[in-house]
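Take a look at the structure below.
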Amino acid sequence: MDSHTVLYGVIGDPIRHSKSPIMLNRAFREKGINGAYAAFHVSPDELKQAIAGVRGLGFRGLNVTIPHKIEVMAFLDEVHEGARAAGAVNTIVNNDGRLIGYNTDGIGYVRSLKEEAEPDLKDKTIVVLGAGGASRGILWALAQEKPKAILLANRTEEKANELAAFFSQESGISAIPWSSLQDVCSYADVVINTTSVGMSPNIDAVPLDPSWLKPGSVASDLIYNPLKTAFLQQAERNGCRIHGGLGMFIYQGAYAFEYWTGEPAPVEVMRATVLESFGK
Ligand code: ATR
């Protein structure tokens, strides 16, 4: 670092578990960019001041994580369409004092799904399990790929109905009953778990019976701890292609890097750095 170093960071509460600093600093180093990225513990009552600090100190960019992704929008100058649809901002770009909020989680997830499992989502039938924040975060980005249908199922069906209704009819997103999952999974091309079922420490739990999925279809899980959930393990044994949640984390950071620097992110180096930090 010197007097030209451009500053970046992530704010959250808690934040000390974050892998973003090692991933983004490694990316800056790889590309020879004079940038530095740190983690800041910011409590909800400090959020407004933290954003004022970004402006005052001229940070070029900030990632925003739990619990600030919604509230931070009130302190920005502009919120991108995809972030508005997701109802959350995870990346801020500071353009000469003008703060613009983006959501790179959803588009990061879709880029990872396309690069790692299914290159073409156009005209595909996609089933999304869960209707919480994680589900809402990826729906807009999935709809941009013009699939044939996005079928949304949630244990509490009313929440799936509400979420489907939030998106316009042209989005192709519709709610389906949880009880119809066995039927729709028999012909779906991609089945995505956005629920917390299977997350450590409950690593044996599955959100639905993986044997319902069509062999050759893609089973995708937003969970990355464990890296290969029970849902993915069983789906793989049944002949499905599988896609884990780590890619979403890597590519949300890749998009942030690209928005801030205007350069392609060194994705493989970023992935290797994060995997190494997991001790793998
Ligand atoms: P997030 O913001 O991470 O999506 P959330 O808003 O708490 O977290 O949503 C969790 C999702 O997991 C919900 O869709 C939830 O279903 P309900 O709305 O019915 O609660 C889903 N979920 C959690 N435990 C589940 C289980 N055992 N079986 C099925 N779905 C479950």
Side-chain angles (χ1 to χ4, degrees), residues 10 12-15 17-20 44 63-73 82-91 103-110 112-113 126-143 150-167 173-185 188 190-213 219-227 229-235 243-249 251-252:
V10 57
D13 180 14
I15 199 62
H17 63 287
S18 174
K19 303 282 186 202
S20 291
N63 282 133
V64 180
T65 189
I66 290 166
H68 305 312
K69 290 185 182 190
I70 299 168
E71 285 73 16
V72 77
M73 288 192 270
R84 271 204 309 275
V89 160
N90 79 323
T91 300
N103 186 307
T104 68
D105 287 327
I107 55 176
Y109 169 77
V110 169
S112 139
L113 179 64
I126 301 175
V127 173
V128 176
L129 307 174
S135 174
R136 182 171 166 167
I138 65 167
L139 286 171
W140 181 86
L142 283 171
I150 299 174
L151 306 174
L152 184 60
N154 194 53
R155 177 180 61 178
T156 311
E157 289 176 8
E158 189 48 34
K159 278 172 67 183
N161 296 337
E162 283 168 19
L163 192 52
F166 170 84
F167 288 93
I173 300 168
S174 52
I176 57 164
W178 190 261
S179 59
S180 68
L181 279 174
Q182 180 166 10
D183 176 40
V184 296
C185 285
V190 183
V191 177
I192 304 166
N193 176 41
T194 77
T195 77
S196 48
V197 181
M199 194 182 290
S200 179
N202 300 315
I203 59 169
D204 294 328
V206 290
L208 50 58
D209 184 342
S211 72
W212 294 347
L213 275 66
S220 172
D221 205 323
L222 265 53
I223 293 169
Y224 67 86
N225 183 16
L227 288 171
T229 59
F231 169 56
L232 296 186
Q233 288 178 31
Q234 293 176 36
H243 172 246
L246 186 67
M248 176 172 179
F249 175 70
Y251 283 102
Q252 62 77 31

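Start at 1 and go down the list; that is how both ligands and their atoms are numbered. Predicted model only: the values in this text are computed from it and were never measured.
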Which segment of [X] sits under 4.0 Å of ligand 1 when only heavy atoms are counted:
| X | answer |
| --- | --- |
| Ser196 | both |
| Ala134 | both |
| Lys159 | side chain |

Is the backbone of [Y] close enough, under 3.5 Å, to the side chain of [X] for a donor and an acceptor to pair up by distance?
| X | Y | answer |
| --- | --- | --- |
| Gln234 | Phe231 | no |
| Thr91 | Asn63 | no |
| Thr156 | Glu158 | no |
| Asp221 | Gly244 | no |
| Ser220 | Ile192 | no |
| Asn90 | Val64 | no |
| Arg136 | Ala85 | yes |

Practice task
Apply side-chain contact (heavy atoms from CB on, under 4.5 Å) to Pro177 and list each qualifying residue two or more places apart in sequence or on a separate chain.
Solution key: Glu157, Ser179, Ser180
Considering only non-hydrogen protein atoms, determine which one is nearest to [atom] and report residue, atom name and distance to 0.1 Å.
| atom | answer |
| --- | --- |
| atom 16 (O) of ligand 1 | Asn154 OD1, 3.3 Å |
| atom 28 (N) of ligand 1 | Val197 CG2, 3.7 Å |
| atom 19 (O) of ligand 1 | Thr156 OG1, 2.5 Å |
| atom 2 (O) of ligand 1 | Gly133 N, 3.1 Å |
| atom 12 (O) of ligand 1 | Thr195 CB, 3.3 Å |
| atom 5 (P) of ligand 1 | Gly132 CA, 4.1 Å |
| atom 20 (O) of ligand 1 | Arg155 NH2, 2.8 Å |

Practice task
Could I get the full list of ring-ring contact (aromatic ring centres under 6.0 Å, His included) partners for His243, not counting sequence neighbours?
Solution key: Tyr109
Problem - Test item: protein heavy atom less than 4.0 Å from atom 10 (C) of ligand 1 - result: no
Exercise for the section: Kindly indicate whether atom 7 (O) of ligand 1 is approached by any protein heavy atom to under 4.0 angstrom. Expected result: no
Exercise for the section: Report, in ascending order of atom number, the atoms of ligand 1 lying under 4.0 Å from any heavy atom of Gly130. Expected result: 14 (O)
Practice task
Compute the minimum heavy-atom distance from Pro207 to ligand 1 and say whether it is under 4.0 Å.
Solution key: no
